[in-house]
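Worksheet for the structure shown next.
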Amino acid sequence: WFHKKYIKIFKYRNFIFNLNDFEIPLPFHSSFIFKTYELNDRILLEKNLTKKHKCIIIGGGIGFVPTIANKLTRNKVLIFEINKKIINNLKLNLKNNKVQYTIFNNNLLLNNKDKQKYYYSSHNFLATSMYRKTSKKLKLNNLNYKKIKDLSNFNTLVIDGEGIEKHYIENIHVLKKIKYIFFEFHNDIFSNIEKEKIFKILNKKKFFLKNKFINSYYFIKSSYLNDK
């Protein structure tokens with residue numbers, strides 16, 4: 001009760017994130033207190049991101065991953081966030097942390113055959129997804145990648161959406177400039193067999209595993225594996 005009522009900000013290093021408009025169940029507040037929020041992705045990003053990475057980020061959340069990416073690379077980040085309810089506070093957190101960014105309140109669509117009409121919300125914004133169905137169904141605003149100016153300026157894809165990793169990996173060939181991929185695999189949405197298929201697709205498209213932490217992975221295009 002104390003955590004839910006009084007913990008309204010999350011501090012990490014010299015960054016501050018306002019949590020006011022984010023629906024976060026009490027059991028999840030410990031991740032902000034003990035700084036384990038987005039632990040898997042944070043460790044991989046902090047270990048591997050450099051100035052060579054120019055990031056497209058799928059899933060803005062509270063702004064944590066975009067902030068980490070922008071500060072480590074010193075490059076502008078391109079963000080896609082489907083949740084309409086959190087978009088204003090997400091922008092506020094990015095502004096307060098002086099992040100260089102462009103943001104779209106859309107689902108980045110790489111293949112129209114995978115187009116979804118709705119996403120699902122709950123009392124936990126962390127579980128917002130097109131794939132975890134709840135009683136709260138909301139209209140999804142899709143945006144085809146062909147309509148985005150300067151998309152080819154980015155060489156890194158950071159997938160922080162709940163279950164959307166399959167769509168991007170299966171269609172990664174349309175993002176011809178992408179050389180680096182970070183993603184979290186969601187075991188509650190996909191089976192181990194589907195995981196094997198996703199990894200085989202990556203290898204077939206010449207992406208190979210460079211690093212991992214728990215269920216988060218970092219793949220690099222083969223011709224860039226030895227880049228510093």
Side-chain angles (χ1 to χ4, degrees), residues 17-24 38 41 54-70 75-97 99-178 181-186 188-190 198:
F17 302 90
N18 189 316
L19 303 178
N20 276 328
D21 291 340
F22 297 96
E23 292 181 298
I24 306 169
E38 296 281 21
D41 293 336
K54 298 176 181 178
C55 300
I56 299 170
I57 298 177
I58 307 300
I62 67 171
F64 183 71
V65 167
T67 298
I68 294 293
N70 174 241
N75 294 315
K76 182 179 182 178
V77 293
L78 179 61
I79 307 164
F80 294 87
E81 173 55 58
I82 65 173
N83 193 335
K84 301 176 182 71
K85 188 170 183 179
I86 70 171
I87 198 73
N88 288 333
N89 209 1
L90 166 56
K91 289 179 180 178
L92 178 64
N93 284 336
L94 295 171
K95 181 180 178 181
N96 289 343
N97 288 300
V99 174
Q100 295 174 291
Y101 72 95
T102 296
I103 192 167
F104 291 92
N105 191 188
N106 299 95
N107 174 48
L108 175 62
L109 189 64
L110 302 187
N111 188 330
N112 285 333
K113 74 177 179 63
D114 293 337
K115 188 175 182 178
Q116 302 284 331
K117 292 183 179 180
Y118 304 101
Y119 71 95
Y120 300 88
S121 183
S122 70
H123 64 288
N124 180 9
F125 95 94
L126 298 168
T128 299
S129 175
M130 290 178 273
Y131 306 96
R132 292 193 189 105
K133 293 186 177 182
T134 69
S135 59
K136 194 171 183 179
K137 185 166 69 172
L138 300 167
K139 185 178 179 181
L140 179 68
N141 294 323
N142 290 289
L143 182 61
N144 190 281
Y145 75 99
K146 293 179 181 178
K147 296 182 178 180
I148 302 166
K149 184 181 178 181
D150 299 328
L151 193 66
S152 61
N153 290 343
F154 297 87
N155 63 11
T156 303
L157 186 62
V158 181
I159 309 169
D160 193 27
E162 305 297 299
I164 197 67
E165 60 268 28
K166 185 172 182 283
H167 170 72
Y168 292 113
I169 290 169
E170 286 182 340
N171 297 285
I172 195 65
H173 59 279
V174 306
L175 299 178
K176 299 185 184 304
K177 298 296 184 179
I178 294 298
I181 305 173
F182 295 85
F183 69 95
E184 181 180 358
F185 183 80
H186 292 87
D188 63 316
I189 297 175
F190 301 112
I198 286 173

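- Across every non-hydrogen atom of A69 and V77, the tightest pair is CB-CG1, 4.0 Å.
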Acceptor/donor pairs from residues 103-114 side chains to any protein atom, 3.5 angstrom cut, sequence neighbours excluded:
from, atom 1, to, atom 2, distance (Å)
N105, ND2, E81, O, 2.7
N107, ND2, N142, OD1, 2.8
N111, OD1, K113, N, 3.0
N111, ND2, N171, OD1, 3.0
N112, OD1, N144, ND2, 3.4
D114, OD2, H167, ND1, 2.9
D114, OD2, N171, ND2, 3.3

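- Side chain of K84 to main chain of K139: a donor-acceptor pair is present (N/O by atom type, distance under 3.5 Å, no hydrogens or angles).
- The side-chain heavy atoms of F185 and E165, taken from C-beta on, include a pair separated by under 4.5 Å.
- Side-chain contact between F182 and D41 is absent, with no heavy atoms from C-beta onward closer than 4.5 Å.
- Side-chain atoms of N18 and N96, non-hydrogen and from C-beta on, never get closer than 4.5 Å to each other.
- Checking K76 against T102 by side-chain atom types alone, a donor-acceptor pair falls below 3.5 Å.
- Considering NZ of K136 and OG of S122, their distance stands at 8.5 Å, rounded to 0.5 Å.
- Here the OG-CD1 distance, from S121 to I86, works out to 9.5 Å after rounding to the nearest 0.5 Å.
- E170 pairs by the side chain to side chain donor-acceptor pair (under 3.5 Å) definition with K166, not counting sequence neighbours.
- The structure places CZ of F17 at 8.0 Å from CG of L94, a figure rounded to the nearest 0.5 Å.
- Sorted by first and then second residue, the salt bridge (Lys or Arg N to Asp or Glu O under 4.0 Å) pairs involving residues 141-150 (not counting sequence neighbours) form an empty list.
- Taking all atoms of both residues into account, the shortest heavy-atom contact from I189 to S129 is CD1-OG, 4.4 Å.
- Listed by chain and number, the residues in a ring pair (Phe, Tyr, Trp, His ring centres under 6.0 Å) with Y119 amount to none (sequence neighbours excluded).
- The salt bridge (charged side-chain N to carboxylate O under 4.0 Å, His left out) search around D188 returns R132, not counting sequence neighbours.
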- Message: Evaluate K54 against T156 for side chain to side chain contact (heavy atoms under 4.5 Å, CB included), listing each step before the verdict.
- Response: CA-CA 6 Å; K54 298 176 181 178; T156 303; 5.6 Å; no

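- The shortest distance between side-chain heavy atoms of M130 and E162 does not fall below 4.5 Å.
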- Query: Can you check side chain to side chain contact (heavy atoms under 4.5 Å, CB included) on N93 and T67, steps first, answer last?
  - Reply: CA-CA 9 Å; N93 284 336; T67 298; over 6 Å; no

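- When side chains are defined from C-beta on, Y101 does not count as touching N70, because their heavy atoms never get closer than 4.5 Å.
- Here L19 contributes atom CG and N89 contributes atom CG; the two are 8.0 Å apart, rounded to the nearest 0.5 Å.
- A search for ring pair (Phe, Tyr, Trp, His ring centres under 6.0 Å) contacts involving Y145 returns nothing, not counting sequence neighbours.
- A cation-pi arrangement is not found for K137 relative to Y120, the charged atom failing to lie both closer than 6.0 Å to the ring centre and inside a 45° cone about the ring normal.
- Listed here is the closest heavy atom pair of P66 and V99: O-CG1, 4.2 Å.
- Going from atom CZ of F64 over to atom CG of N97 covers 10.0 Å, rounded to the nearest 0.5 Å.
- The closest side-chain heavy-atom distance from I164 to Y131 is below 4.5 Å.
- Contact check for N153 versus L151: no side-chain heavy atoms found under the 4.5 Å cut-off.
- At a threshold of 4.5 Å between non-hydrogen side-chain atoms, the residues I56 and V158 do not count as touching.
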- Item | Verdict with supporting geometry, F183 and L157, side chain to side chain contact (heavy atoms under 4.5 Å, CB included) | CA-CA 8 Å; F183 69 95; L157 186 62; over 6 Å; no

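- Between atom CD of residue E184 and atom CD of residue E38 there is a gap of 7.0 Å, rounded to the nearest 0.5 Å.
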